[in-house]
Amino acid sequence: TVRTLGEELGFQANVISRQEVENQTVSSTSIRKALQVEGDAEKAAKFLGRYYILHGTVVHGEKRGGKIGFPTANVHVDQAKKIIPREGVYAVWIRVDGEYHPAMMNIGKRPTFDGEDLTVEVHIFDFDEDIYGKEVHTQFVKRLRDEKKFSGADELKNQLEKDKANAEKILKSNPPNIAKQDN
């Protein structure tokens with residue numbers, strides 16, 4: 001049908017044979033499942049042939065992260081239909097103003113602070129710039145852990161220090177996919 005429509009409308013359609021990765025058929029459904037259900041950024045990257053990328057704009061948040069030494073950029077996802085990976089903490093590369101930075105991202109409701117709304121926030125390592133209103137592109141490398149409720153800010157800070165060390169180690173051996181434009 002697509003080939004016939006192509007002939008009628010002036011475009012060419014090429015049929016691509018079924019693609020498999022690790023004995024699993026690659027499809028939009030398998031990619032969504034890897035990201036949204038399993039939180040498996042590595043599997044999604046194998047299916048896509050690159051890291052999964054989430055675009056958004058940095059907006060103001062509650063500034064709690066800065067109070068415990070882990071300031072975050074809150075990311076408003078611009079596209080309503082964009083897939084947001086499963087809640088949890090991820091090792092990521094974030095592109096700001098064309099430059100890639102190592103980071104870790106939390107997707108969740110911030111249960112330690114009794115949050116109710118889903119947030120997407122990123123702590124960029126060794127970074128101290130005002131990026132409010134800027135568009136950022138986040139490449140998901142690996143899921144580190146589930147989001148969980150801690151007894152308080154001190155316990156959360158201790159876990160974030162462990163997460164950062166883990167993310168730095170992962171990102172050291174997994175450089176960003178550098179492209180002219182992330183999409």
Side-chain angles (χ1 to χ4, degrees), residues 31-46 51-96 99-176:
I31 294 166
R32 279 192 304 275
K33 180 181 176 195
L35 290 166
Q36 292 178 306
V37 177
E38 301 166 0
D40 193 337
E42 292 173 300
K43 182 190 285 185
K46 287 177 186 172
Y51 300 129
Y52 177 69
I53 300 168
L54 188 65
H55 304 267
T57 304
V58 177
V59 297
H60 288 275
E62 296 177 15
K63 305 196 183 333
R64 285 192 176 132
K67 293 175 184 172
I68 60 170
F70 284 88
T72 60
N74 289 268
V75 180
H76 171 72
V77 178
D78 299 329
Q79 301 165 342
K81 293 182 181 180
K82 190 71 173 173
I83 295 170
I84 296 178
R86 178 180 164 187
E87 293 180 20
V89 179
Y90 294 84
V92 300
W93 287 101
I94 187 162
R95 190 178 81 180
V96 180
E99 189 174 326
Y100 292 88
H101 303 274
M104 62 185 185
M105 177 172 271
N106 183 72
I107 297 173
K109 297 180 180 171
R110 299 168 297 148
T112 302
F113 302 107
D114 298 321
E116 295 179 8
D117 297 324
L118 185 74
T119 62
V120 177
E121 46 191 337
V122 61
H123 172 71
I124 307 171
F125 306 151
D126 304 316
F127 186 86
D128 186 21
E129 293 180 28
D130 180 351
I131 58 173
Y132 290 115
K134 293 196 177 193
E135 184 177 339
V136 295
H137 304 259
T138 306
Q139 297 181 359
F140 287 77
V141 178
K142 184 174 182 168
R143 187 168 194 271
L144 302 176
R145 64 174 174 84
D146 285 335
E147 183 180 55
K148 68 177 256 186
K149 183 171 184 163
F150 294 95
S151 63
D154 288 338
E155 186 182 9
L156 172 59
K157 182 179 178 178
N158 289 337
Q159 181 61 54
L160 290 174
E161 288 170 354
K162 292 174 188 172
D163 293 339
K164 181 179 178 183
N166 191 11
E168 286 175 323
K169 182 179 176 185
I170 290 164
L171 296 172
K172 219 175 248 188
S173 58
N174 293 281

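Along the sequence shown, residues carry numbers from 1. Side chains are part of it too, since the values below use all heavy atoms of this structure and drop only hydrogens, waters and symmetry mates. Model, not experiment: these values are computed from the prediction.
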Inset, instruction - Would you give the length of the straight line joining atom OG1 of Thr57 to atom CG of Asn74, rounded to the nearest 0.5 angstrom? - result: 12.5 Å
Legend entry - Lys46 NZ to Asp40 CG distance, which is reported to the nearest 0.5 Å: 8.0 Å
Legend entry - Summary of side-chain hydrogen bond (donor to acceptor under 3.5 Å, both in side chains) pairs that have at least one residue in residues 159-171, sequence neighbours excluded: Arg145-Asp163, Gln159-Asp163
Legend entry - Exam field: side chain Thr119 to backbone Lys109, donor-acceptor pair closer than 3.5 Å: no
Inset, instruction - Could you pull out the closest heavy-atom pair between Pro176 and Tyr100, with the gap in Å? - result: CB-CD2, 3.7 Å
Legend entry - Non-neighbouring partners of Glu38 that pass salt bridge (charged side-chain N to carboxylate O under 4.0 Å, His left out), sequence neighbours left out: Lys33, Lys43
Legend entry - Test item: Pro71 and His123 side chains (from C-beta on) under 4.5 Å apart, heavy atoms: yes
Legend entry - Value rounded to 0.5 Å, distance of CH2 in Trp93 from CE in Met105: 14.5 Å
Inset, instruction - Might you point out which heavy atoms bring Ile124 and Ala103 nearest each other, and give the distance in Å? - result: CA-CB, 3.8 Å
Inset, instruction - Give the C-alpha distance, both sets of side-chain angles, the deciding distance and a yes or no for side chain to side chain contact (heavy atoms under 4.5 Å, CB included) between Asp146 and Arg86. - result: CA-CA 9 Å; Asp146 285 335; Arg86 178 180 164 187; 3.3 Å; yes
Legend entry - Donor-acceptor contact below 3.5 Å, side chain Asp130 vs main chain Tyr132: yes
Legend entry - Side-chain donor or acceptor of Arg143 paired with backbone N/O of Glu87 under 3.5 Å: yes
Inset, instruction - Please work out which of the three classes, parallel, tilted or perpendicular, describes the rings of Tyr52 and Phe140, given edges at 30° and 60°. - result: tilted
Inset, instruction - Working to the nearest 0.5 Å, report the span between CG of Leu54 and CD of Gln139. - result: 11.5 Å
Inset, instruction - Taking all heavy atoms of Ala91 and all of Leu144, pick out the closest pair and write down the distance. - result: N-CG, 3.8 Å
Legend entry - Check: Glu147 side chain, Asn106 main-chain N or O, donor-acceptor pair, under 3.5 Å: no
Inset, instruction - Walk me through it: do Thr138 and Val122 pass the test side chain to side chain contact (heavy atoms under 4.5 Å, CB included)? - result: CA-CA 9 Å; Thr138 306; Val122 61; 5.5 Å; no
Inset, instruction - Please report the closest heavy-atom contact between Leu160 and Met104, naming both atoms and the distance. - result: O-CE, 3.5 Å
Legend entry - Sub-4.5 Å side-chain heavy-atom contact between Phe125 and Leu171: yes
Legend entry - Nearest heavy atoms of Ile53 and His137, plus distance in Å: CG2-CB, 4.2 Å
